[in-house]
Peer 1: 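After the structure tokens below, expect a handful of questions from me.
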Amino acid sequence: MNSPTQDFTAKNLNWMRKRRKQFGLTPDHNDHLETNDEWSKYLISLELRIAQNQMNFIKLSTFVTKKNKKKRTTVRTKSLDEALTLRKINDNLRRAYHIKSPSRDNIVKLVIQALRDPSPKTVYRLDIRSCFESIHRTSLMNKIARDGHVSFQTLQLLDNFFSHAYSIKPELKKSGLPRGVIITSTLAEIYLNQLDLELRNIPGVYLAVRYVDDIVIFATCGEVTLKREVQSCLSKYRLKTNESKSNIFSIKCTCSDICGHPEKCPCERSCKCAKSDSSLVSPAPEYLGYKILIGKRNDEKENKITLLLSDSKISKLKQKIFLSLQDFKSNKNINLLKNRLSYLTGNQLLPSDPSRRGLYTGLAYTHSLYSHDDSQEATSSNSLSALDTFFSNLARPALRRLGISKEETNAITKYSFVSGFIKRRRTKFSARDVIEITRCWNHV
């Protein structure tokens, strides 16, 4: 089957609905869309409406969310007409700019491979502050128009979307790209791809990888020089780093500061760096949900890398355990408690179209690179075994105080993050069950 063109025809719009559930979206003028004939008439009318420039996105709405004391304005629509149009705009942009969703695991593997290399290096891990809100929208739209990769109709619909979004929430004019709609991530990628090129062209930089707003840069230059050059690049795009989530460090043999031998260094015999048990970097950096321990070199003289769960991931899991036990105190629903623990420690298949491969959520899939068999895993507070100990120590006395029998307590505390990860234990809950299970975690 041929790929869709950039035109907003009924046939191309039909591509935007195939293999996707509409999740409560309702058409603007048609009440029933069940038969192929009803869909055909609807899509033809939608094509005509777009061709006459009558798609003004008047069904958009906004709501404000709060995270880490920061307010974020999110845009959404329940209109099927607007959703299909936005999907088509997004499809046109992604095809025109050859944008593919990056593999999180592949990026982490690339970073780990670079960290294992024992050659001296400077590593700069940075997070872009309020990424979507900081993107200079006018510069971005001018670039897209100047590039000429997408049709005039696509640009016109983008302009209609932003115009109405601003009319219902004027402060969005100052906030870059609005969150909540499918085109936001794509537009951000188009903008940030330019930044990627500039970062890779910094003298001394030999690797720069980015996952959305998380960037890791490897260079041969010093920390001061690298940070200055990177900040200069960011300022060109009116972007700033989130300093609390950013850090820069050097990985090298400390003997190299006093040794002048370029190769086959005779000082290597007396070097103690490869024999040290301490981490080469302290505190350990974090990236994409992992805490990265960079320890002594192994027999092949590579840096030893251990991947554990990040501090924020550990904190969220502990909060969910605590909230599950707190909710059990009030509802006394032991089956619901077991379902929550099974969901937390296992791996759940997300609802998906039957024609597509399912997507699992759970540590065995979201953190598949976790170093569960490493010696440092057993002693670290960021390990799954430490998480199991936390759960057991919290649950046993709490359940005893509530009068739960010893047998039932033992059954509940058998739920294990280690077991769920190693055995890749899968759970199966309906969409309704998942809503009930996650209800008490809504603000985590």
Peer 1: Would you say the side chains of Asp105 and Ser103 form a donor-acceptor pair under 3.5 Å?
Peer 2: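 Ser103 and Asp105 do not have a side-chain donor-acceptor pair below 3.5 Å.
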
Peer 1: To the nearest 0.5 Å, tell me how far Leu307 CG sits from Glu286 CD.
Peer 2: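 The distance works out to 11.5 Å.
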
Peer 1: Go through it in stages, so that I can follow the logic: the residues are Ser151 and Asn92, the test is side chain to side chain donor-acceptor pair (under 3.5 Å), and I'd like the CA-CA distance, side-chain angles, deciding distance and then a yes or no.
Peer 2: CA-CA 8 Å; Ser151 65; Asn92 288 352; 4.7 Å; no

Peer 1: Please report the closest heavy-atom contact between Thr427 and Gly346, naming both atoms and the distance.
Peer 2: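 Smallest heavy-atom distance, with atoms named: CG2-CA, 4.2 Å.
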
Peer 1: Which heavy atom of Asp7 sits nearest to which heavy atom of Lys88, and what is that distance?
Peer 2: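 So the two residues come closest at O-CE, 3.5 Å.
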
Peer 1: Heavy-atom distance under 4.5 Å between the side chains of Leu46 and Leu84, does that happen here?
Peer 2: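 Contact flag for Leu46/Leu84 side chains = yes.
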
Peer 1: If we only count heavy atoms from C-beta on, is the Gln348 to Arg426 side-chain gap below 4.5 Å?
Peer 2: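 No; the side chains remain at least 4.5 Å from each other.
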
Peer 1: Are there over 12 heavy-atom neighbours, none belonging to Gln319, within less than 6.0 Å of that residue's CD?
Peer 2: yes

Peer 1: Going from CG on Leu226 to OG1 on Thr122, what distance comes out if it is rounded to the nearest 0.5 angstrom?
Peer 2: 6.5 Å

Peer 1: His164 and side chain to side chain contact (heavy atoms under 4.5 Å, CB included): which single residue from Asn56, Val75, Ile58 fits?
Peer 2: Ile58

Peer 1: Do Tyr237 and Tyr191 make the cut of ring centroids closer than 6.0 angstrom?
Peer 2: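 Yes: the rings meet the under 6.0 Å criterion.
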
Peer 1: Give a yes-or-no answer on whether the side chains of Ser310 and Ser312 include a donor-acceptor pair shorter than 3.5 Å.
Peer 2: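 Checked: Ser310/Ser312 side chains pair up, N/O donor to acceptor below 3.5 Å.
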
Peer 1: Could you walk me through whether Leu384 and Asp388 satisfy the side chain to side chain contact (heavy atoms under 4.5 Å, CB included) test, starting with their C-alpha distance in whole Å, then the side-chain angles of each, then the deciding distance to 0.1 Å, before giving a yes or no?
Peer 2: CA-CA 6 Å; Leu384 294 181; Asp388 280 344; 5.5 Å; no

Peer 1: Evaluate the side chain to side chain contact (heavy atoms under 4.5 Å, CB included) criterion for residues Tyr415 and Tyr343: first the C-alpha distance (whole Å), next the side-chain angles of each, then the deciding distance (0.1 Å), finally the verdict.
Peer 2: CA-CA 10 Å; Tyr415 287 101; Tyr343 186 92; over 6 Å; no

Peer 1: Enter the distance from Lys291:NZ to Ser381:OG here, rounded to the nearest 0.5 Å.
Peer 2: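 So the NZ of Lys291 and the OG of Ser381 are separated by 7.5 Å.
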
Peer 1: Atom CZ in Phe249, atom NZ in Lys121: separation rounded to 0.5 Å?
Peer 2: 9.5 Å

Peer 1: Rounded at 0.5 Å granularity, tell me how far CD1 in Ile321 sits from CD in Gln326.
Peer 2: 13.0 Å

Peer 1: Return the CZ to OG distance between Phe421 and Ser416, rounded to the nearest 0.5 Å.
Peer 2: 12.0 Å

Peer 1: Evaluate the side-chain proximity of Thr9 to Asn12: yes if any heavy-atom separation is below 4.5 Å, no if none is.
Peer 2: yes

Peer 1: Tell me whether Lys318 forms a cation-pi arrangement with Phe390, defined as NZ or CZ under 6.0 Å from the six-membered ring centre and within 45 degrees of its axis.
Peer 2: yes

Peer 1: If I compare all heavy atoms of Glu82 with all of Leu60, which pair ends up nearest, and what's the gap?
Peer 2: OE1-N, 3.6 Å

Peer 1: Starting from the C-alpha separation in whole Å, work towards a yes-or-no answer on salt bridge (charged side-chain N to carboxylate O under 4.0 Å, His left out) for Asp213 and Arg129.
Peer 2: CA-CA 8 Å; Asp213 57 354; Arg129 184 199 303 173; over 6 Å; no

Peer 1: Can you find a pair of side-chain heavy atoms, one from Lys313 and one from Tyr290, that are under 4.5 Å apart?
Peer 2: no

Peer 1: Minimum heavy-atom separation for Tyr370 and Ser383, please, with both atom names.
Peer 2: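 Closest heavy-atom pair between Tyr370 and Ser383: OH-CA, 3.2 Å.
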
Peer 1: Passes side chain to side chain contact (heavy atoms under 4.5 Å, CB included), Asp214 versus Leu288? Steps please.
Peer 2: CA-CA 8 Å; Asp214 275 319; Leu288 300 185; 3.7 Å; yes

Peer 1: Between His149 and Tyr97, does the ring centroid distance fall short of 6.0 Å?
Peer 2: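 Aromatic pair counts; centres sit under 6.0 Å.
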
Peer 1: Flag the pair Pro178 / Thr74 as yes when at least one side-chain heavy-atom distance between them is below 4.5 Å, and no otherwise.
Peer 2: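 The answer is no; the side chains never approach within 4.5 Å.
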
Peer 1: Could you check if a side-chain atom of Ile168 sits within less than 4.5 angstrom of a side-chain atom of Ser61, using non-hydrogen atoms only?
Peer 2: no

Peer 1: With a sphere of 6.0 Å drawn around NZ of Lys143, does it hold more than 12 non-hydrogen atoms of other residues, nucleotides or ligands?
Peer 2: yes

Peer 1: For Arg340 and Asp327: C-alpha separation, side-chain torsions, deciding distance, then whether side chain to side chain contact (heavy atoms under 4.5 Å, CB included) applies.
Peer 2: CA-CA 11 Å; Arg340 282 173 173 159; Asp327 198 54; 2.7 Å; yes

Peer 1: Does the side chain of Leu140 reach to within under 4.5 Å of the side chain of Leu187, using non-hydrogen atoms?
Peer 2: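 Side chain of Leu140 against side chain of Leu187, heavy atoms only: contact under 4.5 Å found.
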
Peer 1: Decide if atom CZ of Arg439 counts as having more than 12 heavy atoms of other residues, nucleotides or ligands within a radius under 6.0 Å.
Peer 2: yes

Peer 1: Do Thr26 and Leu80 have side-chain heavy atoms sitting under 4.5 Å apart?
Peer 2: no

